[in-house]
There are 2 protein chains.
Amino acid sequence: MTKDGARPSARPRLSREIVLQAALRLVDEEGLDALTMRRLGQELDRDPMALYRYATSRAELLDGVAELVLAQLDMPTDVPDWQAQLRRTAHDFRQLALAHPNVVPLIVTRPLATPLALRPIGTLRPLEQMLELLVRAGYTPVRALHVYRSYWGLLHGHILNELQEVVVDPEETDALLRLGLHRLPNKDFPRLRGLAKALLAGYDGAAALDESLDLLLSGLTGDTPAPRKVRARKA
Amino acid sequence: MTKDGARPSARPRLSREIVLQAALRLVDEEGLDALTMRRLGQELDRDPMALYRYATSRAELLDGVAELVLAQLDMPTDVPDWQAQLRRTAHDFRQLALAHPNVVPLIVTRPLATPLALRPIGTLRPLEQMLELLVRAGYTPVRALHVYRSYWGLLHGHILNELQEVVVDPEETDALLRLGLHRLPNKDFPRLRGLAKALLAGYDGAAALDESLDLLLSGLTGDTPAPRKVRARKA
DNA sequence: GGCGCCTGTCTACGATGTAGAGTCACACAG
DNA sequence: CTGTGTGACTCTACATCGTAGACAGGCGCC
């Protein structure tokens with residue numbers, strides 16, 4: 001044996017990438033609270049302090065995790081049908097969020113603590129790409145920004161909705177119980193209790209997202225003049 | 001002097017209400033991180049442990065704070081124009097969020113950790129009220145639920161958008177610097193950098209919210225058959 | 001062969017949430 | 001007036017957290 005009697009397993013040099021990937025895995029598997037410096041260090045078989053070479057604080061680590069997920073969202077800008085692209089990207093985002101539900105709070109919340117331009121770059125790329133897409137579609141930059149806000153807000157709102165649809169105990173047969181609705185005084189919550197079955201059915205997130213997109217996109221079509229082939233317009 | 005030489009100031013018996021109010025004030029003034037048991041105890045001139053009589057854990061305290069804010073949202077259900085009411089409530093919600101920006105992360109995020117029916121009651125009332133409103137407007141309960149989701153998602157999405165519009169240092173004159181945009185390689189972010197002025201102008205949140213509502217509501221009008229005066233409809 | 005840098009480690013400190021046992025005042029029964 | 005019980009509040013203690021600061025060891029480069 002060379003030197004490490006305990007762990008002959010691979011101990012490659014760390015890198016920000018490796019650290020963040022491990023952090024993401026930890027968050028995915030055990031939740032945000034499990035992501036402590038000590039725990040992550042142990043996961044990487046390294047002293048917790050070693051992590052500070054790759055993230056200056058735990059908060060920055062969280063940002064890194066959010067960025068890692070968001071960076072997987074890539075939006076081509078040279079497409080013939082920009083609306084179709086918005087739709088596609090929306091569904092990509094949804095899938096990403098469903099694949100990493102524990103990261104969603106970070107994605108929607110961390111930007112509140114960080115001014116726009118100081119945010120991790122991977123977080124800004126979708127914005128830039130979407131601006132590019134919309135401008136090519138004929139929007140002025142300012143209008144593009146507005147559209148971006150509506151669109152991104154819709155995405156965040158939708159995913160927050162969809163992720164709270166959790167069935168407490170799928171074994172339980174009684175609908176009321178299964179949702180914990182029995183706890184509610186049905187004097188005060190007749191409507192809500194009446195919806196037990198509908199709530200239990202869960203909801204088709206993809207379909208709901210499409211409906212919302214329909215609304216947004218149809219609202220937008222009366223908006224831009226450029227059906228296709230937009231060229232640079234003079235000042 | 002009777003007994004307390006230090007603080008002759010009022011020390012009324014605590015109550016959940018008092019504790020939560022103090023917690024809310026603390027969060028409003030100093031942010032979420034400032035809300036620690038010790039700090040809150042000191043604020044109330046009480047041993048930190050005393051708080052556990054009124055909230056079983058820090059997490060439950062956070063839920064309480066979110067509930068306290070959300071409970072201020074009251075939506076009358078017996079109104080002539082339900083769409084106008086949705087609009088009004090949306091703006092109420094926005095004002096509430098702007099008044100308590102530090103609580104917004106809790107409002108949008110805590111529900112993800114708690115199954116619907118186990119959430120604080122004050123949190124569920126807006127849902128119940130909105131269902132009632134929509135049913136009275138002629139929607140079936142299930143459709144009402146769908147509308148609620150779209151609407152609530154829109155609200156959350158909008159407010160998350162609006163709250164990230166923060167100007168770093170209003171003293172700074174250069175637009176790029178003021179936003180920290182100079183940090184961005186403008187090879188990669190030409191569009192974003194080009195929007196410096198627009199970003200600095202901030203955005204009119206109320207107007208943007210109204211635009212989104214226009215979209216949603218106009219999408220809904222083709223939806224319900226009941227322009228007014230809805231009575232019970234036979235199965 | 002020596003020097004310097006970069007990665008990772010060690011130790012230590014203050015702060016946090018909260019369990020469990022203890023204290024003290026006050027309401028009420030006699 | 002006195003005893004007693006109950007519930008609000010306090011005390012002490014502990015495991016765990018983020019992270020500052022000094023240190024070690026190996027590798028590349030001159």
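Just so we're clear, the structure is a prediction, and the values are computed from it rather than from any experiment. We name chains A, B, ... by the order of the sequence lines, and we start the count at 1 in each one.
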In this structure, how many angstroms lie between the [atom2] atom of [N] and the [atom1] atom of [X], rounded?
{"X": "A/R16", "N": "C/dT7", "atom1": "CZ", "atom2": "P", "answer": "14 Å"}
{"X": "A/Q42", "N": "C/dG8", "atom1": "CD", "atom2": "P", "answer": "17 Å"}
{"X": "A/L51", "N": "D/dC17", "atom1": "CG", "atom2": "P", "answer": "13 Å"}
{"X": "A/I18", "N": "C/dT7", "atom1": "CD1", "atom2": "P", "answer": "12 Å"}
{"X": "A/R46", "N": "D/dG25", "atom1": "CZ", "atom2": "C1'", "answer": "14 Å"}
{"X": "A/L61", "N": "D/dC17", "atom1": "CG", "atom2": "P", "answer": "14 Å"}

Distance below 4.0 Å between B/Y54 side-chain N/O and D/dA8 OP1 or OP2: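 No, B/Y54 has no side-chain N/O under 4.0 Å of OP1/OP2 on D/dA8.
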Side-chain donor/acceptor pairs under 3.5 Å, residues 94-104 of chain B, sequence neighbours excluded:
from	atom 1	to	atom 2	distance (Å)
B/R94	NE	B/E162	OE1	2.8
B/R94	NE	B/E162	OE2	3.3
B/R94	NH2	B/E162	OE2	2.7
B/H100	ND1	B/D28	OD1	3.1
B/H100	ND1	B/D28	OD2	2.7
B/N102	ND2	B/V27	O	2.8
B/N102	ND2	B/D28	O	3.4

Heavy-atom protein contacts under 4.0 Å, nucleotides 11-24 of chain C, coded B base, S sugar-phosphate only, - none: -----BBBBB----
Between atom OH of A/Y151 and atom CG of B/N161, what is the distance when rounded to the nearest 0.5 Å?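 The distance works out to 13.0 Å.
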Flag, side chain of A/R16 to backbone of A/Y54, donor-acceptor distance under 3.5 Å: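 Confirmed, A/R16 side chain pairs with A/Y54 backbone.
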Is a side-chain donor or acceptor of B/E128 paired with a backbone partner of A/R191 at a separation under 3.5 angstrom?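 Between the backbone of A/R191 and the side chain of B/E128 there is a qualifying donor-acceptor contact (under 3.5 Å).
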Side-chain contact test, heavy atoms from C-beta onward, threshold under 4.5 Å: evaluate it for A/L61 versus A/L40 and give yes or no.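 Heavy-atom side-chain distance check passes, below 4.5 Å.
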Output a table of donor-acceptor pairs, distance under 3.5 Å, between side-chain atoms of residues 118-127 of chain A and any protein atom two or more places apart or on a different chain; print 'none' if there are none.
from	atom 1	to	atom 2	distance (Å)
A/R119	NH1	A/T114	O	3.1
A/R119	NH2	B/Q164	OE1	2.8

